[in-house]
Amino acid sequence: MRALVFTGPGKASVQEVPAPRAEQGQVVVDVERAGICGTDMELFGGEMSYYGTGQSSYPLRPGHEWCGTVTAVGDGVDESWLGVRVTGDTMVGCGECPRCRAGRHWVCAARHELGITDGLPGALATQLAFPAAYLHRLPPPVDATLGAMVEPGGNALRCVRAAAVEAHERLLVFGTGTIGLLVAFFARARGVQVHLIGRSETDLALPRALGFAHAWTRSTLPGLPWDGIVDATTGDEIPALALDLIEPGRRIVYIGLSVPPSLIDTRALVLKDVTAVGILGASDGLPGAIEAYADGTVDPRPLVAATVSLDEIAEVLAGNRPPGAGPKIHVDPSKG
Ligand SMILES: [Zn+2]
Ligand SMILES: [Zn+2]
């Protein structure tokens, strides 16, 4: 089968690799659609911190935002999975440690992250072997595009829950990339008044086209009380700015990662009685994201600029994005 392989920093090729087998507890999935995100760009470029910690190494097979159909099951897997359309959790825990047993497998010290850490090759391929215990069923309204947007949607939904804003309260979202816009969608679906901040006026065109009239740059941001703030940027100065801006007693949610350390003054956190929350991955947000896409409460399809073939990914990674307004690029591995 064919798979995208990162062979070294800044080097990618589509290779013919052995087709995966469904080992004990696993299924094989024919990949219908997969997304490329910022994490993939960091894995490609070599900036990802996991290379330094030894959790990831080249050659690496990326892809963790995906959907497809189960075509084989291994020992110990219910045959009723055959033919089912699915997506899966990026975070695959050991299943046995106290964190896994407490239902927080996404912070398991022995976890694999699909297509990110070593040991579980990713979904930017025609096929994928994946543990059945971490699959999620996709109901029929969730098409290929929606299916491959479940993973980023789960991240965004976890951010919105963590921000703990009620209907009619005001949420400020830093960042107009996929996660920032998905946070905006999920918050709007709850009746929250959403405000977005982008780096430039140009970045605000898409949010405005999606109906987010409260779209600002740093210089135009009005001085309003913010009942919740989500930082979905890579700016190292944004976490401290968020702490300056947040209403006392409320919550800041951090999902973006900067390359240099992004420091906050905990004295301000104490004196404002603010709760800061970090979000790693989509895990317990996946079922809610699937539900919101299935019932149409959230429709993230306008975020997808284009769907390309495996062979066309190299161009995208090199910075030559196909035309299209959205921040997300999808891949159809069956496309020639
Ligand atoms: Zn991603
Ligand atoms: Zn574990």
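Indexing begins at 1, ligand by ligand and atom by atom, following the structure's order. The structure presented is a predicted model; accordingly, all values stated were derived computationally and were not measured.
Here Cys108 contributes SG and Cys97 contributes SG, and at the Zn ion (ligand 2) these two atoms make an angle of 110°, given to 10°.
Listing protein N, O or S atoms at distances below 2.8 Å from the Zn ion (ligand 1), with waters left out, gives Cys37 SG, His64 NE2, Glu65 OE2.
At least one N, O or S atom of Cys94, from either the backbone or the side chain, sits less than 2.8 Å from the Zn ion (ligand 2).
Both the sub-6.0 Å distance and the 45° axial angle are satisfied by Arg137 relative to the ring of Trp81. By the 6.0 Å and 45° rule, Arg61 does not stack over the aromatic ring of Phe6.
Without hydrogens or angle criteria, Glu16 side chain to Met1 main chain gives a donor-acceptor distance under 3.5 Å.
Asp231 and Thr233 share a donor-acceptor pair across their side chains, judged by distance under 3.5 Å alone. For the residue pair Asp118 and Ser57, a side-chain donor N or O sits within less than 3.5 Å of a side-chain acceptor on the partner.
Taking the six-membered ring wherever Trp is involved, the centroid distance between the rings of Trp216 and Phe174 does not fall below 6.0 Å. No close placement of the His195 and Phe212 rings is indicated, their centers lying 6.0 Å or farther apart.
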